[in-house]
Novice: 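Below you'll find the structure I mean.
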Amino acid sequence: MKLKNLALRKGNDFRPTFFAFPYVAICFIFVVLPLILVLVYAFRDTDGSFTLNNFRDVLTAGNLKLLLKTVGIALLTTVICLLIAYPTALILASKPFNKYVILALLFIIPMWMNFVLRIIALRSLLGIFGIDYGFGATIIGMVYDFLPFMLLPIYTVLMDMDKSYIEASTDLGANSVITFFKVTLPLSLKGIVSGITMVFMPVFSAYAITGMLGDTDTTIIGGKIHELFVNADVWGIGSAMSFVLLILVFATMFIGNLFGKREAGAKAAVKGGTNE
Amino acid sequence: MNKKLWLVLRWVFLAVVLISIYLPIMLIIVYSFSSERNIGSDSGFGDFTFSLYGRLFQNDLLMEATLNTLGIGLASALLATFIGTFTAVGLYYMRKGKKAVNLVSQVTVVNAEIVTAVGFLLLSIFLRDVIQIPIEKGVLWLIITHTVLTTPYVILTVSPRLNQLNPNLYEAGLDLGARPMRTLFTVIMPQLIGGMVSGFALAFTLSLDDFVVTNLNKGTSGVNTISTYVYDNLKRNLDPAIRALSTIIFVIVLVVLIVFNIIKNKKAKAEQSASKPLGK
């Protein structure tokens with residue numbers, strides 16, 4: 001009996017936190033250190049001294065235009081994805097359709113296929129339709145690539161939603177339009193937010209798509225940074241531009257978190273404090 | 001009548017989206033059996049032939065890229081699953097610093113991929129020139145970077161399973177005389193296998209799909225994955241055998257996912273009927 005109690009107490013003290021230590025080391029070398037290196041290169045001259053010249057070279061009118069264009073492409077892609085994905089998810093999660101799991105799966109399957117192969121397939125199709133490479137083709141390609149990433153989180157949230165809220169709303173006399181805007185839409189906000197984060201920022205790096213479907217006018221910031229490191233070999237300017245992008249990432253993350261928290265709070269209130 | 005029309009309209013909407021998604025893929029599949037070099041060229045479809053499939057296996061560079069893709073994907077996904085699972089367990093028991101580790105691991109998830117890619121490139125130079133570790137960009141470096149890139153996703157898939165575990169299981173193991181470590185490996189870890197499998201699948205597909213990190217970290221020795229091979233050769237002369245490869249990949253993805261889902265549904269149903277009270 002004594003022995004057992006001893007074992008129990010010992011067992012409760014047992015905390016294998018050291019299991020996480022290798023990963024902490026990995027994080028330091030492969031996540032933190034690279035960011036420090038980006039910072040160092042961004043503020044370093046070719047001879048090793050401190051400089052702000054890289055930022056002067058980055059913050060030119062041409063580059064600001066490039067950044068704005070990238071933001072524009074990302075926004076447009078996100079909005080179109082949302083406009084297609086939301087109704088699709090809504091239908092898939094609604095009554096006769098939510099029985100067919102395979103039907104929903106069909107919409108997600110392309111996500112698992114290599115995206116470069118999918119984009120060259122799209123390229124052939126656009127060729128048949130006589131659509132030239134350029135801005136329009138780029139947007140089509142971006143939407144084609146990112147749609148499943150918008151669809152999946154919204155669909156998941158709508159499927160998990162407690163349908164009795166809708167019944168309650170109808171019972172209380174709201175019509176389907178009011179029910180949608182007052183109940184369904186707010187409850188699916190979390191899915192929308194994670195969908196947006198899975199589309200908006202990744203577009204900045206999706207220069208493979210602009211490379212395959214765009215023209216010289218559709219270069220995005222991700223492609224420009226790649227170019228600075230490979231073709232132009234000006235790492236200082238490339239790092240400075242990466243640094244600017246990094247700040248943008250954290251800014252959008254911060255905004256996303258604000259929405260996420262408010263949503264989590266609202267959800268907790270609705271569920272009577274029983275947060276999962 | 002109104003209700004019926006509404007139902008039809010919703011089916012039509014879904015059909016239009018589905019067709020838009022699959023039209024390009026179907027086009028490639030159909031043309032993988034064509035003798036034509038270019039799709040939609042004025043001469044039409046040409047003859048029905050399997051020659052592109054034969055050609056695929058004769059294109060050494062493309063075959064090498066395919067093997068690289070699979071090898072890097074498997075190796076990095078295995079490593080990520082191993083590291084990620086242990087980390088999730090460690091974090092589960094961690095009191096202090098848990099938030100900080102989670103935050104740092106999330107940096108790779110939310111960061112723009114191009115910035116991550118640049119960071120890895122600068123790190124490889126730093127390790128080689130400053131620390132003097134003889135690391136060369138290439139397959140090994142890609143395995144390392146892909147592991148770092150995908151481990152957070154494994155942690156994200158395994159952690160919820162840990163939180164769902166019945167804490168009494170651990171106590172039970174101790175009560176039956178097992179030491180804490182043994183309990184961990186024989187009682188706790190087996191419960192995580194489902195999460196580990198999902199994490200592995202996620203890490204594997206993320207690695208297969210990666211372009212940005214690979215493109216900047218593959219080095220100049222001619223190492224390619226499918227993504228970079230296709231991208232590099234697009235402007236020059238892309239081998240039409242790529243249509244055969246796309247078809248094969250699509251069929252594999254389709255079969256794996258449908259089988260996986262059927263198994264999952266069966267399991268869910270079995271669990272449902274098992275959890276039903278007796279006599280019902």
Side-chain angles (χ1 to χ4, degrees), chain A residues 4 7-8 11 14-24 26-27 30-35 37-38 41 84 87-88 91 96 101-102 105-107 109-110 112-118 120-122 124-125 127-128 201-202 204-205 208 211-212 222 225-226 229 238-239 242 245-246 249 253, chain B residues 7 10 13-14 17-18 21 23-25 27-28 39-40 83 86-87 89-91 93-94 101 104-105 107-108 110-115 118-123 126 148 151 170-171 174-175 180 184 205 208-209 211-212 215-216 226-227 230-231 234 242 246 249-250 253-254 257-258 261 265:
Chain A
K4 199 190 104 187
L8 248 177
F14 174 72
R15 300 192 155 266
T17 45
F18 60 89
F19 276 16
F21 292 171
Y23 183 65
V24 173
I26 290 173
C27 272
F30 291 95
V31 180
V32 178
L33 189 57
L35 292 181
L37 288 172
V38 169
Y41 272 88
I84 300 173
T88 309
I91 295 173
V101 189
I102 298 289
L105 186 67
L106 281 176
F107 285 82
I109 282 176
W112 302 80
M113 189 181 165
N114 186 299
F115 85 97
V116 176
L117 293 179
R118 271 190 295 134
I120 55 161
L122 181 69
S124 306
L125 187 73
I128 287 181
M201 224 41 230
F204 285 62
S205 305
M212 288 187 277
I225 292 175
H226 178 82
F229 274 91
S239 297
S242 304
L245 192 51
L246 197 64
V249 168
M253 200 173 114
Chain B
L7 184 69
R10 287 189 292 171
F13 184 86
L14 287 188
V17 176
L18 257 190
I21 291 173
L23 207 55
I25 299 171
L27 181 77
I28 290 297
I39 294 178
I83 300 170
F86 273 91
T87 310
V89 173
L91 286 177
Y93 289 105
M94 199 179 271
V101 178
V104 175
S105 80
V107 167
T108 353
V110 294
N111 201 353
E113 217 190 332
I114 184 70
V115 180
V118 165
F120 285 144
L121 175 73
L122 296 180
L123 180 67
F126 179 76
V148 177
T151 303
Y170 179 69
E171 304 276 327
L174 294 180
D175 279 357
L184 194 68
T205 44
L208 297 192
D209 219 29
F211 173 78
V212 178
N215 204 21
L216 209 51
I226 295 175
S227 305
V230 171
Y231 190 76
L234 199 60
I242 203 73
S246 302
I249 291 180
F250 177 71
V253 166
L254 193 71
L257 278 178
I258 289 182
N261 260 272
N265 284 346

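Below, read A as the first sequence line, B as the second, and so on, with proteins coming before strands; counting in each chain starts at 1. Side chains are part of it too, since the values below use all heavy atoms of this structure and drop only hydrogens, waters and symmetry mates.
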Novice: Which heavy atom of B:Ser105 sits nearest to which heavy atom of A:Tyr23, and what is that distance?
Specialist: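 What the structure gives for the nearest pair is CB-OH, 3.2 Å.
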Novice: Could you tell me which portion of B:Ile114 (side chain, backbone, both or neither) has an atom closer than 4.5 angstrom to a non-hydrogen atom of chain A?
Specialist: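 Both parts, heavy atoms under 4.5 Å.
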Novice: Once rounded to the nearest 0.5 Å, what's the spacing between atom CG of B:Leu254 and atom CE of A:Met113?
Specialist: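 If we round to the nearest 0.5 Å, B:Leu254:CG and A:Met113:CE are 10.5 Å apart.
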Novice: Any idea which heavy atoms bring B:Thr87 and A:Ala20 closest together, and the distance?
Specialist: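 Answer, listing the atom of B:Thr87 first, then A:Ala20: O-CB, 3.9 Å.
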Novice: Compare all side-chain heavy atoms of A:Leu37 with those of B:Leu123 and state whether any distance is below 4.5 angstrom.
Specialist: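 Side-chain contact under 4.5 Å: yes.
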Novice: Counting heavy-atom pairs under 4.5 Å with chain B, which one of A:Gly127, A:Ser242, A:Ala208, A:Cys27 comes out on top?
Specialist: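 Of the candidates given, the most pairs with chain B belong to A:Ala208.
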Novice: Give a yes or no on whether the backbone of B:Met94 and the side-chain of A:Thr17 come within a donor-acceptor separation of less than 3.5 Å.
Specialist: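 Looks like no, no N/O pair under 3.5 Å.
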Novice: In Å, rounded to the nearest 0.5 Å, how long is the span from CD1 of A:Ile109 to CD1 of B:Ile25?
Specialist: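 Interatomic distance, A:Ile109 CD1 to B:Ile25 CD1, rounded to 0.5 Å: 9.0 Å.
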Novice: Between A:Ile26, A:Thr88, A:Leu33, which has the largest tally of heavy atom pairs under 4.5 Å with chain B?
Specialist: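 The candidate making the most pairs under 4.5 Å is A:Thr88.
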Novice: Hey, could you give me the CG/NE2 distance between B:Asn215 and A:His226, rounded to the nearest 0.5 Å?
Specialist: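 If we round to the nearest 0.5 Å, B:Asn215:CG and A:His226:NE2 are 4.0 Å apart.
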Novice: Would you name the heavy atoms of B:Val110 and A:Val249 that are closest together and state the gap between them?
Specialist: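 In terms of heavy atoms, the two residues are closest at O-CG1, 3.5 Å.
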Novice: Specify which of A:Ile102, A:Ile225, A:Leu106, A:Leu246 makes the most heavy-atom pairs with chain B at under 4.5 Å.
Specialist: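 Highest number of pairs under 4.5 Å: A:Leu106.
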Novice: Given a strict heavy-atom distance threshold of 4.5 Å, which part of A:Leu122 is in contact with chain B: side chain, backbone, both, or neither?
Specialist: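 It is both, since atoms from each part get that close.
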Novice: Using heavy-atom distances under 4.5 Å, tell me whether B:Thr205 contacts chain A through its side chain, its backbone, both, or neither.
Specialist: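 B:Thr205 touches chain A through side-chain heavy atoms alone.
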Novice: With a 4.5 Å cut-off on heavy-atom pairs, point out which of A:Pro202, A:Gly238, A:Gly211 contacts chain B the most.
Specialist: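 Between A:Pro202, A:Gly238, A:Gly211, the count favours A:Gly211.
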Novice: Which atoms of A:Leu35 come close to chain B, meaning under 4.5 Å heavy atom to heavy atom: side chain ones, backbone ones, both, or neither?
Specialist: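 The answer is the side chain of A:Leu35.
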Novice: Mind checking side chain to side chain donor-acceptor pair (under 3.5 Å) for B:Asn111 and listing every partner two or more places apart, or none if nothing turns up?
Specialist: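 Scan of B:Asn111 (side chain to side chain donor-acceptor pair (under 3.5 Å), adjacent residues dropped) gives none.
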Novice: So, do A:Phe204 and B:Val115 sit near enough that their side-chain heavy atoms are less than 4.5 Å apart?
Specialist: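 They are not in contact (no side-chain heavy atoms under 4.5 Å apart), so the answer is no.
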Novice: Where on A:Pro96 is there a heavy atom nearer than 4.5 Å to chain B: the side chain, the backbone, both, or neither?
Specialist: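 A:Pro96 touches chain B through side-chain heavy atoms alone.
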Novice: Name the region of A:Val24, side chain, backbone, both or neither, that has any atom closer than 4.5 Å to a heavy atom of chain B.
Specialist: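 For A:Val24, the side chain is the part near chain B, not the backbone.
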Novice: Please flag which part of B:Ile83 lies under 4.5 Å from any non-hydrogen atom of chain A: side chain, backbone, both or neither.
Specialist: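 The side chain, not the backbone.
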Novice: If you round to the nearest 0.5 Å, how far is CG of B:Leu184 from CZ of A:Phe19?
Specialist: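 Reported to 0.5 Å precision, the distance equals 5.0 Å.
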Novice: For the candidates B:Val89, B:Leu257, B:Ile28, B:Val253, which exhibits the highest count of non-hydrogen atom pairs separated by less than 4.5 Å from chain A?
Specialist: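 Greatest number of close heavy-atom pairs with chain A: B:Leu257.
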Novice: Could you check which of B:Thr108, B:Ile249, B:Leu121 has the highest count of heavy-atom pairs closer than 4.5 Å to chain A?
Specialist: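 Of the candidates given, the most pairs with chain A belong to B:Leu121.
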Novice: Which distance, rounded to the nearest 0.5 Å, do you find between the CZ of B:Phe13 and the CD1 of A:Ile84?
Specialist: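 Rounded to the nearest 0.5 Å, the CZ-CD1 separation comes to 7.0 Å.
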Novice: Which region of A:Phe30, side chain (C-beta onward) or backbone (N, CA, C, O), has a non-hydrogen atom less than 4.5 Å from a non-hydrogen atom of chain B, or is it both or neither?
Specialist: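 For A:Phe30, the contact with chain B is made by backbone and side chain together.
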Novice: Show the nearest heavy-atom pair for residues B:Asp209 and A:Phe115, with the distance to one decimal.
Specialist: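 Residues B:Asp209 and A:Phe115, closest heavy atoms: OD1-N, 2.8 Å.
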Novice: State, with a plain yes or no, whether a side-chain heavy atom of A:Phe107 is found less than 4.5 Å away from one of B:Leu14.
Specialist: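 A side-chain contact exists here, since the closest heavy-atom pair is under 4.5 Å.
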Novice: When only pairs under 4.5 Å are counted, which of A:Val31, A:Asn114, A:Ile128 shares the most heavy-atom pairs with chain B?
Specialist: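 Maximum pair count with chain B is reached by A:Asn114.
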Novice: Please report the shortest heavy-atom distance between A:Leu125 and B:Pro24, naming the atom on each side.
Specialist: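 Between these two residues, the closest heavy atoms are CD2-CG, 3.9 Å.
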Novice: Specify the closest pair of heavy atoms between A:Val32 and B:Val104, including all atoms of both residues, with the distance to one decimal.
Specialist: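 Residues A:Val32 and B:Val104, closest heavy atoms: CG2-CG1, 4.1 Å.
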